[in-house]
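Down below is the structure, laid out as structure tokens.
Starting from 1, each residue takes its place in the sequence as its number.
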Amino acid sequence: MELIEDFIRFLQVEKRYSPRTQALYREAVEGFYAFMFPGQDGGPDDAEALEVLTPGNIRACIADGLDSGICARTMNLRLSALSSYCRWLLNRDMISSNPVLKVPRPKQDKKLPQFYTETAIENYFDASLEAAQGDFLKLRNRTMILVLYSTGMRRAELCSLKERDLDASRGVFRVLGKGSKLREIPVPPLICQDLLLYLEENRRQYPDNPEGRFFLTDSGRALYLAFVNNVVKTELSGVAGFSGKKAPHALRHSLATHLLNRGADLNSIKEILGHSSIAATQIYTHNSFEQLKKTYLTAHPRAKK
């Protein structure tokens, strides 16, 4: 459908959204039209596509998604994508108002970010140190975990990381994050040394690395998101202290929580993580409070009387 293709080009060229974000927006808009025009090959024409953009139709689509078992958070994300689409149409004078603004958002439970304890993280690095000696793939995996945890990078940022992005003389990583925003993340001197030693071995293992990628797959290709997921899951499985889902984002949450517990201010954590708003960072204060409450109830002399 030409309207959708034009919208995606707008997201790519003018908004400079990542390919993953573009795909999510496309899925939301195409999903709405698939609901409105089931079984119609090629989708509706432009006139039909604009005509069905009403609050009632959008409400019905969201209700159908919730009834089919899709969680409220996902449906809210789809509503946001539809709202962006309608706002784009509105700016082009193709519709007179944004119908999504009249659709109530499904209520979703507040879910605290999952994080690992400092003890669990130390358990992993202690247990993996010996295994990484003389085994390059183990060394690479350990270094991936080290970078994810010590910098709070996102998966996509790790996948696109180049050797030149590490400025060891200044002790920083230069990272291109969401919205193509460049940020610098400080790297402690001891971790810098480990990274430089890893890069020396990486060049020996993969002399043919024309793009200078920081990490490569076993076969010497560029990293991809599922590969990072698998490495994290494999590396953290069976290590004391790790329970629940073992995912790259949990390492990012862990860094933020540990920094906050150790006295870092929210603005500093916001800059390290690359959040666009302090509101996105404030959720980690809930994790810290829950940890404080648990410690308090364990230690309080009258808590169990």
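Scanning for salt bridge (charged side-chain N to carboxylate O under 4.0 Å, His left out) contacts around Glu130 gives an empty result, with sequence neighbours left out. For Phe32, there are no ring pair (Phe, Tyr, Trp, His ring centres under 6.0 Å) partners, not counting sequence neighbours.
The salt bridge (charged side-chain N to carboxylate O under 4.0 Å, His left out) analysis of residues 260-274, with sequence neighbours excluded, yields the pairs Glu118-Arg262. Sorted by first then second residue, the salt bridge (charged side-chain N to carboxylate O under 4.0 Å, His left out) pairs that include residues 175-186, not counting sequence neighbours, are Glu157-Arg183, Arg170-Glu184. Pairs engaging residues 46-74 under the ring pair (Phe, Tyr, Trp, His ring centres under 6.0 Å) rule: none recorded [sequence neighbours left out]. Under the ring pair (Phe, Tyr, Trp, His ring centres under 6.0 Å) criterion, no residue pair touches residues 46-75, with sequence neighbours excluded.
Using modelled atom types, no side-chain atom of His275 and backbone atom of Ile269 make a donor-acceptor pair closer than 3.5 Å. Side-chain atoms of Ser83 do not come within 3.5 Å of backbone N or O of Val100 as any donor-acceptor pair.
At a threshold of 4.5 Å between non-hydrogen side-chain atoms, the residues Leu11 and Trp88 do not count as touching. A 4.5 Å side-chain heavy-atom check between Leu3 and Met94 finds at least one atom pair inside the cut-off. Two residues are said to be in side-chain contact when any heavy atoms from C-beta on lie closer than 4.5 Å; Tyr198 and Asp194 fail this criterion. Side-chain contact between Ile145 and Phe125: present, with at least one pair of heavy atoms (C-beta onward) separated by less than 4.5 Å.
Phe115 pairs in a side chain to side chain contact (heavy atoms under 4.5 Å, CB included) with only one of the listed residues (Ile121, Leu251, Thr257), which is Thr257.
Between Phe10 and Tyr25, the distance separating the two ring centers is not shorter than 6.0 angstrom.
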